[in-house]
Amino acid sequence: MSKITHLKSAAAAAGILLPLAWSGVAWAQDAVNLRMTIWSANEAHLAMFNEIAEGFKATHPNVSITFEPLPFDSYTTTLTTQIAGGNPPDLAWILETTAADFVNSGALAPLTDAFAATAGYELDDVNPSATALWTKDGQLFAYPFSTSPFAIFANNDVIKATGAKTPAELIAAGEWNWDNAFATAATVGQSGKAGLVVRDFKYQSWQNLASIWRGWGAAPWSADGKTCGFTEPAMVGAMTAIHKAIFTDKAMPGPGEDIDFFAGETGMTITQISRASLLPKENPFDWDLVPLPAGPAGEYAVVGQAGVGAFAAGANAPVAVEFLAYMTNPENSQKLAQFFPPARASLLNAQTLASTNPLLSAEQIENVVIAGISSGTVLPGHTNFAQIQQTVRASLDSLWVADADVPAVLQSVCDSVAPLLAR
């Protein structure tokens with residue numbers, strides 16, 4: 001049983017409190033201290049969140065909001081441990097991979113009525129496709145504050161120094177595909193630097209490889225989530241290409257190598273555009289941002305999505321929902337768009353995104369951000385994702401050696417995870 005489900009009874013008990021949030025009851029002036037967990041400790045992100053919190057405090061002087069960064073690698077585990085221990089935050093960021101667990105558990109407070117009743121909120125402006133993961137029975141349980149495409153950041157200085165072709169040169173020649181992207185990465189990797197890093201993968205978060213395997217048309221399971229897809233030809237082809245890039249061509253760093261592209265010594269990295277804030281201000285390098293290369297299945301895009309919800313069992317659930325409505329209103333959504341691509345249709349345009357993303361060119365915004373959000377598929381997620389993720393990760397461990405039998409390893413993945421998918 002997921003740790004999240006332990007909140008069901010508490011959430012039900014708290015249900016008698018929730019209607020107060022929708023009725024517009026004036027709050028007493030007792031001090032209210034909201035705690036919101038996030039996975040970013042980036043100073044620019046925190047400054048923006050604190051600015052929004054101060055705006056809320058201007059009309060709610062008794063309310064303070066603390067943003068609590070948790071390490072990304074253990075974020076969900078730490079959050080669910082807090083929940084199971086009876087110490088849930090008032091609000092939390094939630095990964096798309098665990099959306100189903102949180103939405104179905106009853107742990108989150110419903111938002112639709114509260115948002116619709118908030119003056120100027122304009123709920124109809126929020127793209128329905130962006131809210132699909134976070135909606136159950138017509139009720140929104142978390143707001144998709146970030147729908148961020150995966151893309152490739154390139155360090156042109158590192159690439160050009162090896163004589164390899166940059167992504168921009170390959171795009172101009174109509175040759176931006178995975179064969180050529182891996183070739184550039186291999187040239188850099190064989191020069192002694194890292195060629196291509198899939199950020200946050202680290203041979204554990206295998207779901208981030210979707211940014212590559214979607215180019216083969218691969219998926220880890222069927223659309224209904226019940227059938228394993230790791231043995232399908234598309235996935236075998238994609239994983240074979242990834243394995244070759246790592247162990248034969250040295251295009252990607254191997255297990256145990258923790259390399260940060262933004263330190264300036266790596267050719268390319270796959271990550272989300274919100275990481276542009278990590279580009280160095282001192283000793284900058286010539287960088288570019290380009291769409292993912294085309295794969296055997298053609299052009300494609302992958303997006304990561306994060307929601308933020310309020311916990312129904314929290315002592316301050318009604319005011320937490322009220323703050324969430326303020327944090328995601330049109331004005332503050334425009335502020336959030338500086339780092340997190342918005343779900344609001346009115347903000348998803350080059351003019352708005354250019355004003356909030358000054359580091360990105362108009363071409364990058366159009367070709368990477370807007371095009372990626374419009375056509376991208378979301379990273380894979382599933383109910384009971386934590387157990388599924390660990391089961392697949394353990395089975396994939398034997399893939400990350402030079403002499404691995406790729407089809408045999410992927411068969412072992414399906415043998416292990418199939419019973420979990422069929423539940």
Side-chain angles (χ1 to χ4, degrees), residues 1-28 30-38 53 56 60 62-68 70 75-118 121 123 126 131-145 305-329 381 383-386:
M1 179 182 294
S2 169
K3 292 179 181 178
I4 299 170
T5 59
H6 290 298
L7 263 185
K8 282 185 176 180
S9 59
I16 58 173
L17 299 177
L18 295 179
L20 293 177
W22 325 144
S23 64
V25 174
W27 297 105
D30 293 338
V32 175
N33 300 307
L34 299 179
R35 178 168 62 94
M36 177 173 167
T37 58
I38 60 178
F56 186 74
H60 298 71
N62 60 313
V63 179
S64 62
I65 301 101
T66 300
F67 300 95
E68 178 185 340
L70 303 176
Y75 178 83
T76 299
T77 300
T78 304
L79 175 59
T80 54
T81 298
Q82 290 183 5
I83 293 170
N87 182 38
D90 298 286
L91 304 107
W93 283 3
I94 302 169
L95 285 162
E96 71 284 283
T97 51
T98 57
D101 280 331
F102 279 93
V103 169
N104 293 327
S105 70
L108 299 175
L111 304 174
T112 301
D113 293 343
F115 285 4
T118 299
Y121 191 82
L123 184 58
V126 182
T131 60
L133 274 182
W134 313 99
T135 300
K136 180 182 179 182
D137 299 330
Q139 183 69 243
L140 184 67
F141 286 93
Y143 180 88
F145 73 93
Q305 194 174 67
V308 57
F311 287 99
N316 303 310
V319 71
V321 170
E322 189 176 359
F323 172 69
L324 184 51
Y326 175 81
M327 185 178 189
T328 60
N329 68 22
T383 54
N384 195 27
F385 183 79

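Expressed to the nearest 0.5 Å, how far OG1 of Thr383 lies from CG of Asp101 amounts to 6.5 Å. In this structure, Leu95 CG and Leu133 CG are separated by 11.5 Å, a value rounded to the nearest 0.5 Å. Distance check, rounded to the nearest 0.5 Å: OG1 of Thr37 to CG of Leu79 gives 4.5 Å. Of the inter-residue distances, the one linking Ile38 atom CD1 with Phe67 atom CZ reads 7.0 Å to the nearest 0.5 angstrom. If you take CG on Asp113 and CG on Leu123, they are separated by 10.0 Å, rounding to the nearest 0.5 Å.
Residues passing the ring pair (Phe, Tyr, Trp, His ring centres under 6.0 Å) test with Phe323 are Phe56, sequence neighbours excluded.
Side chains of Thr118 and Tyr326 form no contact here, defined as non-hydrogen atoms less than 4.5 Å apart. With a 4.5 Å cut-off on side-chain heavy atoms, Gln82 and Thr80 do not count as touching. Side-chain contact between Leu111 and Trp134 is absent, with no heavy-atom pair separated by less than 4.5 Å. For the pair Asn87/Arg35, a side-chain contact is recorded, criterion being any heavy-atom separation below 4.5 Å from C-beta on. Taking the side chain as every heavy atom from C-beta outward, Asp30 and Val32 never approach each other to under 4.5 Å.
Nearest heavy-atom pair across Leu324 and Gly309 is CD2-CA, 4.1 Å. Between Ala320 and Leu34 the shortest heavy-atom distance is CA-CD1, 4.0 Å. Closest approach of Ala92 and Phe311 over heavy atoms only: CB-CE1, 3.6 Å. Closest approach of Glu322 to His60, counting heavy atoms only: OE2-NE2, 2.9 Å.
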Practice item. Show your reasoning for whether side-chain contact (heavy atoms from CB on, under 4.5 Å) applies to Val308 and Met36. Key: CA-CA 9 Å; Val308 57; Met36 177 173 167; 3.4 Å; yes
Practice item. Check the pair Thr328 / Phe115 against side-chain contact (heavy atoms from CB on, under 4.5 Å), numbers first and verdict last. Key: CA-CA 9 Å; Thr328 60; Phe115 285 4; 4.1 Å; yes
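Side-chain atoms of Thr112 never come within 3.5 Å of backbone atoms of Gln139 as a donor-acceptor pair (strictly under, hydrogens ignored).
Exactly one residue among Tyr75, Phe102, Tyr143, Phe141 makes a side chain to side chain contact (heavy atoms under 4.5 Å, CB included) with Ile94. That residue is Phe102. For the pairing with Asn316, the side chain to side chain contact (heavy atoms under 4.5 Å, CB included) check across Leu91, Asp90, Val63, Val321 returns one residue only, Asp90.
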